[in-house]
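Structure first, then comments.
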Number of protein chains: 2
Amino acid sequence: MQKHPNLRMTRQRQVILEELRKVNTHPSADELYEMVRKRLPRISLGTVYRNLEVLSESGEIKKLEPGCSLKRFDGNPSEHFHIRCIRCDRIADVPMASDLEIDLADMTPTEYEILGHRLEFFGLCPYCSNNSKTDANRS
Amino acid sequence: MQKHPNLRMTRQRQVILEELRKVNTHPSADELYEMVRKRLPRISLGTVYRNLEVLSESGEIKKLEPGCSLKRFDGNPSEHFHIRCIRCDRIADVPMASDLEIDLADMTPTEYEILGHRLEFFGLCPYCSNNSKTDANRS
DNA sequence: AAAAATTTTGAATAACAGTTTCAATTTTAA
DNA sequence: TTAAAATTGAAACTGTTATTCAAAATTTTT
C-alpha cells in the first residue's frame, strides 16, 4: 500500500504528517512547525522543511505553490483545486465536480511538451468578503 | 489612452518598460536589471524592483508568479496563458484559441467570492526535451 | 521663473522563506 | 553487535525582494 517503501517513518516525520492531516487549513511550514512543536518541543524548523519536502516527493502530501505568497501544504494528496483569498492568503479546497477535468492541454499549439497544468482560483474568503464591505480603506 | 494618468514616466521607468517589451522571454527582475544596465549603467537593482511593481500595478506590464520559482515579467499585459519548463524554468506564451476561455468559476461550489483564476501549464521546453533523451542522469 | 512640495533615485541594508552544513544521534542492514 | 546509512537539531547561509534615507529630479504653486 505504501508507494515508497524506502521512506523511513521517523517520529518527527510521523508527527508532521499527523498534524498536517488533522487540519484542512493548508498551513505553511512555519505554522506547521508551531503545531508540531507542541508534541515535539525540540524539533527544529529545518527538520520540518526537510520532511515536508520528502513527504511531498513521496506523494504522501501535496505542496501548494500559490501565486506570490509562501508555500503551503495539504495533507490530502488527491487531485483537487484550491482557492486563495487575495486579502488574507487563506487557502480552501474547491469541491469540484469530478468529471469537470479540463482538457485544454490538447488544444494548445506550443513547442513545449506539456506535462500538466496548475489551476488556482483566487477571490475573497467569507471573512474578508464581509469585512471589505465596511472596511473601505485598507493599507 | 493612458490608464493611470498620474504615473510618471521617468527615464528609468521608460527604459525598463522598453527593454521588457523588446523581448518575449519573460525575464526576472535581475535579468532585466542586466538588460537595462547597458543603457543606464548607474541604475540600481532596487529601482528595477520598484518600477516593475509600479508598472504591473498600473497594468502596463504583467507580473508572473510561477509556481515555486522566482517572479518574472511580461511586457504584454493582455490576457494569455503561459507554460513553464520544469527543468530550466523558462517561460513561453501559449497561443490559445481566444474563444477557449474556461468558465469553471461558475460551477465551483465554495464559500469564497471567486474573482478569477490562474492557469499555468508546465512541461519541457524544446531544449530540455531534446536533452532529456540523452541526459538520463540529472542531478 | 523661483520657491515649495512631492516623487523618485541610488546605495546600502534589512527582511524573509527556504536550504545547506555538520557533528551527533538514530535507525536499518549485515 | 557492529558497521553503514539516514536523519536530526542548531546554526549559518542563500537568493529574492522590500525598505530606508539622503540626494536628486520632477511637478506644482506662487
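Proteins get letters first, then strands, A, B, ... in listed order; numbering begins at 1 in each.
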Fill in: Along DNA chain D (nearest heavy atom to each residue), the more 5'-positioned of A/P41 and B/G46
A/P41
Worksheet item: To the nearest 10 degrees, how far apart in direction are the end axes of the helix from C/dA1-D/dT30 to C/dA30-D/dT1, each fit to five base pairs?
Response: 30°
Worksheet item: Any side-chain N or O of B/Q12 under 4.0 Å from OP1/OP2 of C/dG10?
Response: yes
Item to complete: Evaluate the criterion salt bridge (charged side-chain N to carboxylate O under 4.0 Å, His left out) for residue pair B/E53 and B/R50; output intermediate values, then yes/no.
Response: CA-CA 5 Å; B/E53 205 50 47; B/R50 252 185 317 236; over 6 Å; no
Worksheet, complete the sentence: What one should report as the nearest heavy-atom pair of A/G67 and B/E65 is C-OE1, 3.8 Å
Practice prompt. Check the distance between C/dA17's P and A/R72's CZ and give it to me in whole angstrom.
Written response: 11 Å
Discussion item. Would you say A/Q12 and A/T47 are linked by a side-chain donor-acceptor pair, where the criterion is simply a distance under 3.5 Å?
Written reply: no
Fill in: B/R72 vs B/L70 side-chain heavy atoms within contact, under 4.5 Å
yes
Worksheet, complete the sentence: Between A/S44 and B/L45, the residue closer to the 5' end of DNA chain D by nearest nucleotide is A/S44
Discussion item. Tell me the interatomic distance from B/E57, atom CD, to C/dT8, atom C1', rounded to whole angstroms.
Written reply: 15 Å
Worksheet item: Quick one: which of C/dA17, D/dA18, C/dT7 gets closest to the side chain of B/R8?
Response: C/dT7
Item to complete: Specify the separation, in whole Å, of atom CG of B/L40 and atom P of C/dT8.
Response: 17 Å
Item to complete: Specify the separation, in whole Å, of atom NZ of A/K63 and atom P of C/dA17.
Response: 16 Å
Discussion item. Nearest whole Å is fine: how far is C/dT27 C1' from A/Q14 CD?
Written reply: 15 Å
Fill in: Which residues share a side chain to side chain contact (heavy atoms under 4.5 Å, CB included) with A/L17, sequence neighbours left out
A/M9, A/R21, A/L55, A/E60, A/I61
Response to the item:
Rounded to whole Å, CZ of A/R37 lies from P of D/dG9 at a distance of 12 Å
Practice prompt. For DNA chain C, find the residues of residues 48-55 of chain A with a heavy-atom distance under 4.0 Å and give them by number; none if there aren't any.
Written response: A/Y49, A/R50
Worksheet item: Is B/I43 touching bases, backbone alone, or none of the nucleic acid, heavy atoms closer than 4.0 Å?
Response: sugar-phosphate
Practice prompt. Give a yes/no answer on whether the side chain of B/R13 brings an N or O atom under 4.0 Å of OP1 or OP2 in C/dT8.
Written response: yes
Worksheet item: Can you tell me how far NZ of A/K71 sits from OG of A/S28, rounded to the nearest 0.5 angstrom?
Response: 12.0 Å
Discussion item. Strictly below 4.0 Å: does A/R42 bring a side-chain N or O up to OP1 or OP2 of D/dA10?
Written reply: yes
Worksheet item: Which value, rounded to the nearest 0.5 Å, describes the distance between A/N51 atom CG and A/R8 atom CZ?
Response: 12.0 Å
Discussion item. Less than 4.0 angstrom between a side-chain N/O of A/T10 and OP1 or OP2 of D/dT8, yes or no?
Written reply: yes
Worksheet entry | CG-CZ distance between B/L52 and B/R13, expressed to the nearest 0.5 angstrom | 10.5 Å
Response to the item:
Distance col, row B/F81:CZ vs B/L119:CG, nearest 0.5 angstrom, shows 5.0 Å
Item to complete: Could you check how far NZ of B/K71 sits from C1' of D/dG15, rounded to whole Å?
Response: 13 Å
Practice prompt. Could you tell me the separation between the OH atom of B/Y33 and the C1' atom of D/dT16, rounded to a whole number of Å?
Written response: 14 Å
Worksheet entry | CG on B/L115 to CD1 on A/I83, rounded to 0.5 Å | 7.5 Å
